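To keep things clear, I will list the structure first and then write my remarks on it.
Residue numbers start from 1 in every chain, and the chains themselves are labelled A, B, ... in the order their sequence lines are given, proteins ahead of strands. Quantities reported herein were computed from a predicted structural model and do not represent experimental measurements.
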2 protein chains.
Amino acid sequence: MRFEAVKVGELARRTGLTIRTLHHYDEIGLVTPSLHTESGHRLYASGEITRLQQVISLRQLGFSLDEIRKCLDGPGFSAIEVISLHMSRLREQMELQRRLCDRLEWLDSRLRAAGEVSADEFLKTIEVMTMIEKLYTPEQMKQFEVAGKQVGPEEIQAVQDGWAALLPEVRANLGLDPASPAARDLAQRWHDLTQQTMRGFQSTPELKQAIADNYKQGKFEEFTGAPQAADMAFIERVKSAWPSIGKDC
Amino acid sequence: MRFEAVKVGELARRTGLTIRTLHHYDEIGLVTPSLHTESGHRLYASGEITRLQQVISLRQLGFSLDEIRKCLDGPGFSAIEVISLHMSRLREQMELQRRLCDRLEWLDSRLRAAGEVSADEFLKTIEVMTMIEKLYTPEQMKQFEVAGKQVGPEEIQAVQDGWAALLPEVRANLGLDPASPAARDLAQRWHDLTQQTMRGFQSTPELKQAIADNYKQGKFEEFTGAPQAADMAFIERVKSAWPSIGKDC
DNA sequence: GATACAACCTCACGTCGCGTGAGGTTCAAG
DNA sequence: CTTGAACCTCACGCGACGTGAGGTTGTATC
């Protein structure tokens, strides 16, 4: 059945958005009605409805309206790709929310049993709450997906497991003598794992740059699962003491 | 182990918030450090950390900072209660996200198979995306929980099931003659279910009023699971034709 | 055809929750 | 003592709308 173009009020009712929101999206060229009545009333046809769904999807992923407009006006994004991004992010968010739920349940039971909980536990809970933030543009997220598909899920899992094993060990040994064989061993493993991680991004150098930029801006400081400044400083010290690390020969 | 008060930069690092955010919260009296160094640097002790966790919880539930401050400065909220609210809202959001994920998967497969999907399906997807919005103050949400506990989960489920069964039937019969016995039967069931639903709010008249206000403001228009204006108009027509409905004697 | 009300239009000020930068002081390490 | 990091206050700016004024158009009723 052919979709009949709708007016702004009905579109607002059927989507849960406000008329002001739709006016604003029209003004900034984000979702522009393709039809108007003779006296100028907006009429939204099915093409705009499709685009609006993509806009709301990307908005829920935390992108600015300007980013969304550039992304959708460019050639590289179809409705299917926006939906894929949205679904993968939804899964991430749901996983994070499960973790947050677990932490809140733990806090709740401890508060009921002991009456109080240490401030450190509250800090960890806040950290989980604020964890997912948009670090990349939609284009970069798409490239993550492409890179992920190229290396395959087993390799991704291996890299993640590698960091999950190595980071705690490095942190437990930050005080090691950089010239000791044990320190050298840690630095070598760090180097090898970094190479393995970066192999997945060979075809997307701008993505590698974006990751490096985010590190530089301290965006990963609250991710205990990501290398931190102290970790990298230690590795640099060990590399200074053992120049052979990193030289593949 | 006793928590050592921390400075604003360290608190920012450990929570994922920004220094500007913490300054702002201090300025508006939302989270105010209880200690300062001699030269005026902020020091956050464990009491502020506990409060900050409640602030971020309520912020994630969509409340304004002013609402949060009033709520936490009032006598009726403890850390446990904020955590309970957060957990129950998290569960709702996760359920909604599962539904959204299902819809996006359905859209994705239809787009891949048929190349296009009707605008109505996109509208339904946007509706799910925008569905959960904060409709009540934290105090009112707490009253919902209290009311829910008073009537018990079985009664809540029975009420929900009742509406889930009755609404589609009413909507399938909006064109019935209001004077017909079938119309009378629907209106009687509507009346009985409304009475059953409202019994849960007898002890919270302000909550009943808040629900009525939200209906009046059209906040439920996108909830197909909630009675709509057309449904209620039909029921009113039937009640006009059968004055005995609603008279309990 | 007149009336009344709902729905729409443009315009523009206001709000919230910070981001960002300027200009300066304090702290801590070398 | 020097230097750089970390902190302070102040204030302008920004994005994404909310809200209201003043008006036109559309539709139903009498």
Closest to the 5' end of DNA chain D, once A/His24 and A/His41 are matched to their nearest nucleotides, is A/His24
For C/dG19 and B/Thr18 - does any side-chain N or O of the residue sit under 4.0 Å from the phosphate oxygens OP1/OP2?
yes
Under 4.0 Å from OP1 or OP2 of C/dC18: is there any side-chain N or O of B/Tyr25 that close?
yes
What nucleic acid atoms does A/Leu65 come within less than 4.0 Å of, heavy atoms only: base, sugar-phosphate, or nothing?
sugar-phosphate
Start at the 5' end of DNA chain C and walk down; is the nucleotide closest to B/Asp66 or to B/Thr37 reached first?
B/Asp66
Rounded to the nearest angstrom, tell me the gap between atom [atom1] in [X] and atom [atom2] in [N].
| X | N | atom1 | atom2 | answer |
| --- | --- | --- | --- | --- |
| A/Glu10 | C/dA6 | CD | P | 18 Å |
| B/Asp26 | C/dC18 | CG | C1' | 15 Å |
| B/Glu27 | C/dC16 | CD | P | 14 Å |
| A/Leu43 | C/dC8 | CG | P | 10 Å |
| B/Glu67 | C/dC16 | CD | C1' | 12 Å |
| B/His23 | C/dG19 | NE2 | P | 12 Å |
| B/Lys7 | C/dT25 | NZ | P | 17 Å |
| A/Leu22 | C/dC8 | CG | P | 11 Å |

How far apart are the closest heavy atoms of B/Gly16 and A/Thr130, and which atoms are they?
CA-OG1, 3.6 Å
I need the single residue from B/Asp108, B/Leu111, B/Thr125 that forms a side-chain contact (heavy atoms from CB on, under 4.5 Å) with B/Val117. Which is it?
B/Leu111
Below 4.0 Å from chain A heavy atoms, what is the first contacting nucleotide of DNA chain D and what is the last?
D/dA16 to D/dG26
I'd like to know if the side chain of B/Tyr25 pairs up with that of B/Arg59 as donor and acceptor (distance under 3.5 Å, no hydrogens or angles considered).
yes
Examine distances only and state if a side-chain atom of A/Asn173 and a backbone atom of A/Glu169 form a donor-acceptor pair shorter than 3.5 Å.
yes
Donor-acceptor contact below 3.5 Å, side chain A/Trp242 vs main chain A/Ala187
no
Between A/Asp177 and A/Arg184, is there a salt bridge with N-O shorter than 4.0 Å?
no
Checking contacts here: which listed nucleotide (C/dC18, C/dA12, C/dC27) is nearest the side-chain heavy atoms of A/Arg20?
C/dA12
Name every donor-acceptor pair, under 3.5 Å, that has one atom in a side chain of residues 43-50 of chain B and the other anywhere in the protein, sequence neighbours excluded.
from    : atom 1 : to      : atom 2 : distance (Å)
B/Glu48 : OE1    : B/Ser34 : N      : 3.1
B/Glu48 : OE1    : B/Ser34 : OG     : 3.0
B/Glu48 : OE1    : B/Ala45 : N      : 2.7
B/Glu48 : OE2    : B/Ser34 : OG     : 3.0
B/Thr50 : OG1    : B/Ser46 : O      : 3.1

